[in-house]
Visitor: 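Questions regarding the structure given below will be posed in turn.
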Amino acid sequence: QLQLVESGGGLVQPGGSLRLSCAASGVSLQYYAIGWFRQAPGKEREGISCISAPGDGTDYAVSVKGRFTIARDNAKNTVYLQMNSLKPEDTGVYFCAADADNLVRGSLCVLPKTASGEYVYDYWGQGTQVTVSS
């Protein structure tokens with residue numbers, strides 16, 4: 001059974017950097033698309049980045065494109081989110097999640113919700129707090 005644990009969050013000043021980790025146990029992450037999501041105070045949860053199971057294709061929300069980078073390390077069974085040039089509006093709880101069906105679909109990972117209003121991801125971590133403040 002797949003379990004995900006996020007780490008690397010904390011307090012950072014505007015313009016600083018953090019690297020979040022999503023570590024898996026039970027199942028190899030190479031068979032799953034992995035998404036990073038965040039929920040800021042007073043806002044709905046949003047997808048910010050994902051990496052596909054086939055071909056390591058990636059996608060990013062417009063708000064983080066050019067500043068954040070998602071990557072896999074299959075040897076460590078971990079997916080990372082490198083966050084640079086952080087802004088106060090990046091503050092929130094960051095979650096990683098796994099989509100078990102992406103490899104079968106053979107398509108790019110999916111950040112938006114489906115037409116029914118749900119994300120396609122099946123497994124979720126507990127989240128890690130990121131606070132960007134001076």
Visitor: Evaluate the side chain to side chain contact (heavy atoms under 4.5 Å, CB included) criterion for residues S7 and T128: first the C-alpha distance (whole Å), next the side-chain angles of each, then the deciding distance (0.1 Å), finally the verdict.
Guide: CA-CA 6 Å; S7 63; T128 185; 5.7 Å; no
Visitor: Please indicate whether Q3 has more than 12 foreign heavy atoms, meaning atoms of other residues, nucleotides or ligands, lying under 6.0 Å from its CD.
Guide: no
Visitor: Answer yes if V130 and V79 sit in the same cluster of Ile, Leu, Val, Met, Phe, Trp and Tyr residues linked by side chain heavy atoms under 4.5 Å apart, and no otherwise.
Guide: yes
Visitor: Taking all heavy atoms of C109 and all of G57, pick out the closest pair and write down the distance.
Guide: SG-O, 4.1 Å
Visitor: Answer yes or no: is there a donor N or O on one side and an acceptor on the other, between the side chain of N77 and the main chain of L29, under 3.5 Å?
Guide: yes
Visitor: Taking atom types as modelled and ignoring hydrogens, do the side chains of Y80 and R19 form a donor-acceptor contact shorter than 3.5 angstrom?
Guide: no
Visitor: Quick one: sort the Y94 and F68 rings into parallel, tilted or perpendicular, breaks at 30° and 60°.
Guide: tilted
Visitor: Which heavy atom in L18 sits nearest to a heavy atom in G8, and how many Å separate them?
Guide: CD2-O, 3.8 Å
Visitor: Quick one: closest heavy-atom pair of I34 and I70, and the distance?
Guide: O-CD1, 3.8 Å
Visitor: Using modelled atom types only, decide if a donor and an acceptor are shared between the side chain of R72 and the backbone of S52 within a distance under 3.5 Å.
Guide: yes
Visitor: So do the side chains of P88 and S133 get within less than 4.5 Å of each other, counting heavy atoms only?
Guide: no
Visitor: With a 6.0 Å cut-off on the ring centroids, do Y119 and F37 count as close?
Guide: yes
Visitor: Might you confirm whether atom CD of Q126 has over 12 heavy atoms from other residues, nucleotides or ligands at distances under 6.0 Å?
Guide: no
Visitor: Looking at Q82, is its backbone amide N or carbonyl O close enough to the side chain of R67 to form a donor-acceptor pair, meaning the two atoms are under 3.5 Å apart?
Guide: no
Visitor: Looking at side-chain heavy atoms only, is the closest gap between V64 and R38 below 4.5 Å?
Guide: yes
Visitor: State whether the side chain of S63 and the backbone N or O of A61 hold a donor-acceptor pair below 3.5 Å, judged by distance alone.
Guide: no
Visitor: Please report the interatomic distance CD1(I51) to SG(C96), rounded to the nearest 0.5 Å.
Guide: 12.5 Å
Visitor: I'd like to know whether T69 forms a side chain to side chain contact (heavy atoms under 4.5 Å, CB included) with L81, so could you lay out the CA-CA distance, the side-chain angles of the two residues, the decisive distance to 0.1 Å, and finally the verdict.
Guide: CA-CA 6 Å; T69 303; L81 184 68; over 6 Å; no
Visitor: So, taking the atom named CD in Q39 and the one named CD in Q129, what distance separates them when rounded to the nearest 0.5 Å?
Guide: 11.0 Å
Visitor: Do T78 side-chain atoms and A23 backbone N/O form a donor-acceptor pair below 3.5 Å?
Guide: no
Visitor: Give a yes or no on whether the backbone of T131 and the side-chain of T91 come within a donor-acceptor separation of less than 3.5 Å.
Guide: no
Visitor: Do L20 and M83 have side chains that approach each other closer than 4.5 Å (heavy atoms only, starting at C-beta)?
Guide: yes
Visitor: Taking side chain as C-beta onward, heavy atoms only, is C22 less than 4.5 Å from W36?
Guide: yes
Visitor: Would a 4.5 Å heavy-atom cut-off, applied to side chains only, mark L111 and E46 as touching?
Guide: no
Visitor: Shortest non-hydrogen contact from L4 to A24?
Guide: CD2-CB, 4.0 Å
Visitor: How far apart are the closest heavy atoms of W124 and Y121, and which atoms are they?
Guide: NE1-O, 3.3 Å
Visitor: Between V110 and L108, is there a shared hydrophobic cluster once you connect ILVMFWY residues whose side-chain heavy atoms come closer than 4.5 Å?
Guide: no
Visitor: Can you see whether S116 engages T114 through a side-chain donor-acceptor pair at a distance of less than 3.5 angstrom?
Guide: yes
Visitor: What's the verdict on side chain to side chain contact (heavy atoms under 4.5 Å, CB included) for Y32 and L2, showing C-alpha distance, side-chain angles and the deciding distance?
Guide: CA-CA 10 Å; Y32 297 82; L2 178 62; 3.9 Å; yes
Visitor: Looking at D122 and D99, would you say the former's side chain and the latter's main chain have a donor-acceptor pair under 3.5 Å?
Guide: no
Visitor: Between N84 and S17, do the side chains contain a donor N or O and an acceptor N or O under 3.5 Å apart?
Guide: yes
Visitor: Looking at S107, is its backbone amide N or carbonyl O close enough to the side chain of N102 to form a donor-acceptor pair, meaning the two atoms are under 3.5 Å apart?
Guide: yes
Visitor: Without hydrogens or angle criteria, can the side chains of S28 and Q30 be said to hold a donor-acceptor pair below 3.5 Å?
Guide: yes
